[in-house]
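One structure is given below, encoded as structure tokens.
None of these values were measured; they are calculated from a predicted model. Order of listing sets the numbers, starting from 1, for every ligand and every atom in it.
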Amino acid sequence: MIEAARSTWPEVAAHVSATSGVAILPFGALEQHGPQLPLSTDTATAEEVARRLASLLDAVLLPPVHYGETWNNAGYPGTVSLSPGTVTAIAKDIGASLVLSGVRVFVIVNGDWGNRAPLALAARELVDEGVIPALVLDYPGMDAAIDEVRESRPAAPGLNHAEEVETSIMLAIDPSTVHPERYVAEYPDFPADFGTRPMQLHPFSPSGVFGDPSSATAAKGEAILARTVDESRRAIEEFLAGLEDQAS
Ligand SMILES: [Zn+2]
């Protein structure tokens, strides 16, 4: 694998022509993650998954996008959000630009829930317009891995925000960024229409935690990351095999 940001242009050119020409972009967010985790939690997680994938697949690792669509966290200072159209435009511009570098497959590792729809649109348009084959990974395998290790009750089904899961992941990636002495548990009373209409999150959790981080461990985080990387690698390999079938 080659890390684009730390490499020279001839090194990237040589790597792309000698390999299957896959480039991997971690797409994160600057978003509140409670009092105990950094605003860059989603970026760090996407970057870790992308780095492991780049190593396994001998791909180009691109520097992460540190901002994403995180409108519903606007009530927490430090959160900085892009509009969905900007997320789509950034991903499309990077995909189109990579073609000029000889990259032949564009993989996005998405770390933020709000980026899902705009990144899916970017990939669709890149493919529709014949720019470059593109794949967006929203952490395949992560939900199954979470089910196996989680001990705390989720605040809502499928909601993993600044609680046991995300705190475990950050303990595995970079424990120096985690502040266990600031752990709080929050189990908001959500209205029946939660998630069905645009809603800001801060009225439901003053701390920004949704759930309970107190049972977080690095071992749980590593198990979640390993399964996510494994399923992501399988998805990319299947995608590459499909492209080869089309070409032959
Ligand atoms: Zn997060």
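Not a single N, O or S atom of H161, from either the backbone or the side chain, sits less than 2.8 Å from the Zn ion (ligand 1). Taking backbone and side-chain atoms together, E31 has no N/O/S atom less than 2.8 Å away from the Zn ion (ligand 1). Here D112 fails the criterion, with no N, O or S atom under 2.8 Å of the Zn ion (ligand 1).
Ion pairing of R233 with E237 is present here, as a side-chain N (NZ or NE/NH1/NH2) and a carboxylate O approach within less than 4.0 Å.
Between the side chains of E48 and T45, no donor-acceptor pair of N or O atoms lies under 3.5 Å. For the residue pair Q36 and T167, a side-chain donor N or O sits within less than 3.5 Å of a side-chain acceptor on the partner. Side chains of E69 and N115: no donor on one and acceptor on the other come within 3.5 Å.
Vertex the Zn ion (ligand 1); arms to H33 atom NE2 and E166 atom OE2; angle 110° (nearest 10°).
The N, O or S atom of D42 with the smallest distance to the Zn ion (ligand 1) is OD1.
Aromatic ring pairs are classed by plane angle as parallel below 30°, tilted from 30° to 60° and perpendicular above 60°; the pair F210 and F190 is parallel.
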